**Q** 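I'd like to ask you about the structure that follows.
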Amino acid sequence: MTNFNLIHEPWLPVKRQSGRIESIQPWRITEDIDADPIVSFEWPRPDFNGASHEFLIGLLATTIAPEDEDVWQEYWDKPPSSEVLEQQFSKVAFAFDLDGDGPRFMQDFEKFEEYSAKANFPIAGLLIDAPGKQTLKQNADLFIKRGRVLAFSRATLAIALFTLSTYAPSGGAGHRTSLRGGGPMTTLVIADHIQFGSTLWGRLWPNVNMIDSKLAKFDDSVFPWLSATRTSSKKDKTIETTIEDVHPLQMYWGMPRRIRVLFEPSIDQRCSITAVEDPFITTGYQTINYGVNYTDGFEHPLSPYYRTNVKETSWLPRHVQSNAITYRLWSGLVILSSDSLKKPATVVRHWCQSRASHDTMSRFVAFGYDMDNMKAKGWSEAEMPIWLLDPTTYEFMELFILQIINGANEVGQLLVKSVKSALFSRPQDARGDYHFISERLFRESESEFMVSLNRARELIIESNEQDDPTVAVREKWLVHIKKIANRIFDENIPMEGVENRDMSRVIQAKRNLTFALLGYGASGKKLFSQLDLPTPGSN
């Protein structure tokens, strides 16, 4: 068995502009970019595709991060050839053996022979959404059935290990979460090249920032699997690992779990995920607890952050919630939130401030697992546009975006409150999660949100410093979202069978919603205030 090296082996499945699908070595990402460019990864799982972006961004940041913006621009204008990337990536190939007797990619430096058979697990356990012991015990494995994932090819194993390490949720006592906690949200800038159009390079290079002198001093500690693990049991001096304890580039290569994979020759077996044949497969792995416990000081460049109040100096990575990423999250993903408690990822901020140009169409993608402690509730992913704006236009657009998002949030809260008031005599005591109602409001108004953004941008540019150039757009936006809110209420509180409920309660709930959406009452005044629109009778 020869070593399977992730720099030299063609293991990443990709799709080219022509539709052709193939597996490539990482250094081939710019191959034929002028004729038939690679446009996407083609794993059969969205988390693998997201993690592949992070793997390549980390590899680029580790090997060819630009010294200054001029160097970054050179590689953007003229992407490096496959030959150049192969030469640079090969410098770290020693750290990317997946198997063999030496250090293994994303696997513990220590061999686990002395541990009992209790450390052995089926390979499906590397998947974040695989059913856990309790789920299997309760026979509740409804979505991913037990026994369906029996073997991984080496390519699938590589991306599964990286995905788990990058997004790892809590795994029980001593089984640590990722450097950004369990199920972090990732945001990436996506830019269309003026010459080559939409390419994979346009999903990677915009997210590689300049390298500073501290990062330039590269050493083996960038990759935690090259040396003994900084274990984190209570008896260890290394119970916590901060940014001061490791090389800063380790934020791309965090390895919180202690894992060793077991390989075996394949006998008429295919990979359970990709159906690919491989001479060697893996059906199980060993794991023990108390791996690296990443704590303070890390600010991953691909994640947005938040703090609980403006006096806090430390920021925490944001996570996907309620299994939905919609435009309601725009504030804090592209711009600093109005309350200064949420800020965009470093790469998004840097793109908006320094790299976006008038001839570059750009957007951002946000993705991640919605986790309930150790349980994956779902994967969420969404793309939204980014515009380059001059300072005056940007100021108006920032205000406009905050106004309509805050207005939509207010309508969502009114809608949920009204539905609960119609269903229950004591809505404050109603059990259950009703966020799905407000999330539906955001999903169904998203297309109008994009239209409103474009229209507001045009009006701001044409306004010649008009005091309030977007008021007409906000008024139209309110009309649109009111229709959606009323429709969602009616569908959740149908009149059929209303005689079996308190009809007066239903009528009163609908009346309160209608009047609030028209600007009456405390709730209506708050809504109109969020949108900076005059309430009825205020003129």
Side-chain angles (χ1 to χ4, degrees), residues 1-60 63-64 75 78-90 92-93 96-99 105-106 127 149 151-163 166 188 190-193 195-208 263 266 268-282 365 367 381 383:
M1 181 178 179
T2 58
N3 288 2
F4 190 90
N5 186 276
L6 301 181
I7 302 299
H8 302 315
E9 295 287 343
W11 66 281
L12 285 167
V14 296
K15 183 170 72 173
R16 294 188 178 272
Q17 192 175 72
S18 63
R20 178 161 57 97
I21 296 175
E22 60 181 303
S23 292
I24 65 165
Q25 296 93 334
W27 46 265
R28 289 173 57 194
I29 51 178
T30 59
E31 183 183 72
D32 292 334
I33 196 169
D34 56 344
D36 190 14
I38 295 169
V39 295
S40 65
F41 293 106
E42 283 297 304
W43 295 103
R45 291 175 55 96
D47 56 342
F48 286 6
N49 288 325
S52 294
H53 285 85
E54 298 207 41
F55 175 87
L56 261 298
I57 291 167
L59 194 55
L60 290 166
T63 58
I64 64 165
Y75 274 171
K78 186 179 180 180
S81 66
S82 294
E83 291 75 18
V84 169
L85 291 179
E86 181 180 17
Q87 182 182 30
Q88 295 299 320
F89 289 1
S90 292
V92 296
F96 286 84
D97 283 337
L98 185 67
D99 47 25
F105 174 75
M106 286 290 168
L127 301 176
V149 179
F152 283 175
S153 67
R154 287 172 290 180
T156 297
L157 171 65
I159 196 59
L161 283 170
F162 185 78
T163 302
T166 304
L188 305 179
I190 304 171
D192 291 346
H193 196 280
Q195 180 180 354
F196 308 121
S198 180
T199 69
L200 183 60
W201 186 247
R203 304 177 71 94
L204 300 175
W205 192 241
N207 301 288
V208 180
F263 293 94
S266 175
D268 298 325
Q269 286 181 283
R270 291 178 176 267
C271 176
S272 301
I273 301 295
T274 64
V276 168
E277 292 183 354
D278 190 349
F280 292 90
I281 60 168
T282 175
V365 59
F367 56 78
E381 186 168 339
E383 288 189 16

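Values in this document were obtained by computation on a predicted structure and should not be read as measured data.
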**Q** Determine the minimum heavy-atom distance between Pro206 and Ala191, stating which atoms define it.
**A** CG-CB, 4.1 Å
**Q** So, using side-chain hydrogen bond (donor to acceptor under 3.5 Å, both in side chains) as the criterion, who are the partners of Ser40 when residues are at least two apart?
**A**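 Result, side-chain hydrogen bond (donor to acceptor under 3.5 Å, both in side chains) vs Ser40: Glu42.
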**Q** With a 4.5 Å heavy-atom cut-off, do Val208 and Ile64 have their side chains touching?
**A** no
**Q** Looking only at heavy atoms, which two atoms of Leu60 and Leu204 are closest? And how far apart?
**A**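 Nearest heavy atoms, Leu60 then Leu204: CD1-CB, 4.0 Å.
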**Q** Looking at every non-hydrogen atom in both residues, tell me the closest pair between Ser52 and Ile159 and how far apart they are.
**A** OG-CD1, 3.4 Å
**Q** Could you pull out all residues at least two apart from Glu381 that satisfy salt bridge (Lys or Arg N to Asp or Glu O under 4.0 Å)?
**A** none
**Q** Using a 4.5 Å cut-off on heavy atoms from C-beta on, say whether the side chain of Phe367 contacts that of Pro46.
**A** no
**Q** Side-chain contact test, heavy atoms from C-beta onward, threshold under 4.5 Å: evaluate it for Glu9 versus Ser23 and give yes or no.
**A** no
**Q** Determine the minimum heavy-atom distance between Ala275 and Arg270, stating which atoms define it.
**A** O-NH1, 2.7 Å
**Q** Side chain of Ser18, backbone of Asp36: donor and acceptor closer than 3.5 Å?
**A** no
**Q** Using the test ring pair (Phe, Tyr, Trp, His ring centres under 6.0 Å), find all partners of His53 that sit at least two apart in sequence or belong to another chain.
**A**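 Checked His53 against ring pair (Phe, Tyr, Trp, His ring centres under 6.0 Å); matches are Phe41.
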**Q** With a 4.5 Å heavy-atom cut-off, do Val39 and Leu200 have their side chains touching?
**A** no
**Q** Considering the options Phe162, Phe55, Phe96, Phe152, which one meets the ring-ring contact (aromatic ring centres under 6.0 Å, His included) requirement together with Trp11?
**A** Phe55
**Q** Taking the side chain as every heavy atom from C-beta outward, state whether Pro44 and Thr274 have any atom pair closer than 4.5 Å.
**A**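 The answer is yes, as the side chains (C-beta and beyond) meet within the 4.5 Å cut-off.
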**Q** Run Leu12 and Leu56 through side-chain contact (heavy atoms from CB on, under 4.5 Å) and show every step you take.
**A** CA-CA 10 Å; Leu12 285 167; Leu56 261 298; 3.6 Å; yes
**Q** With rounding to the nearest 0.5 angstrom, report the OG to CG distance, Ser272 to Leu127.
**A**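 It comes to 9.5 Å.
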**Q** Could you check whether Trp205 and Tyr75 have their ring centres less than 6.0 Å apart?
**A** yes
**Q** As an exercise, state the distance from CG of Asp99 to CG of Asn3, rounded to the nearest 0.5 Å.
**A** 5.5 Å
**Q** Is the shortest side-chain heavy-atom distance between Phe196 and Pro37 below 4.5 Å?
**A** no
**Q** Closest heavy-atom contact between Leu188 and Arg203?
**A**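 Closest approach of Leu188 to Arg203: CD1-O, 4.5 Å.
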**Q** First locate atom CD of Glu83, then atom CD of Gln88, and finally report the distance between them rounded to the nearest 0.5 Å.
**A** 13.0 Å
**Q** Asp278: what forms a salt bridge (Lys or Arg N to Asp or Glu O under 4.0 Å) with it, not counting sequence neighbours?
**A** Arg154
**Q** Heavy atoms only: give me the nearest Ile33-Trp201 pair and the separation to one decimal.
**A** CD1-CB, 4.0 Å
**Q** To the nearest 0.5 angstrom, please state how far the CG atom of Asn49 sits from the CH2 atom of Trp43.
**A**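 Asn49 CG to Trp43 CH2: 9.0 Å, rounded to 0.5 Å.
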**Q** Please list, chain by chain and in numerical order, all residues satisfying salt bridge (Lys or Arg N to Asp or Glu O under 4.0 Å) with Glu22, sequence neighbours excluded.
**A**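 Once residues adjacent in sequence are excluded, the partners of Glu22 under the salt bridge (Lys or Arg N to Asp or Glu O under 4.0 Å) criterion are Arg16, Arg20, Arg28.
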**Q** Please report the interatomic distance CE(Met106) to CG(Leu157), rounded to the nearest 0.5 Å.
**A** 12.0 Å
**Q** Hey, could you give me the OG1/CD1 distance between Thr156 and Ile273, rounded to the nearest 0.5 Å?
**A**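 Here the interatomic distance stands at 6.5 Å.
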**Q** Taking only residues two or more places apart in sequence or in another chain, which ones pass ring pair (Phe, Tyr, Trp, His ring centres under 6.0 Å) with Trp27?
**A**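 With neighbours one apart ignored, the set is empty.
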**Q** How about Leu6 and Pro26: do any of their side-chain heavy atoms sit closer than 4.5 Å?
**A** no
**Q** Hey, are the side chains of Leu59 and Val92 touching, using non-hydrogen atoms and a 4.5 Å cut-off?
**A** yes
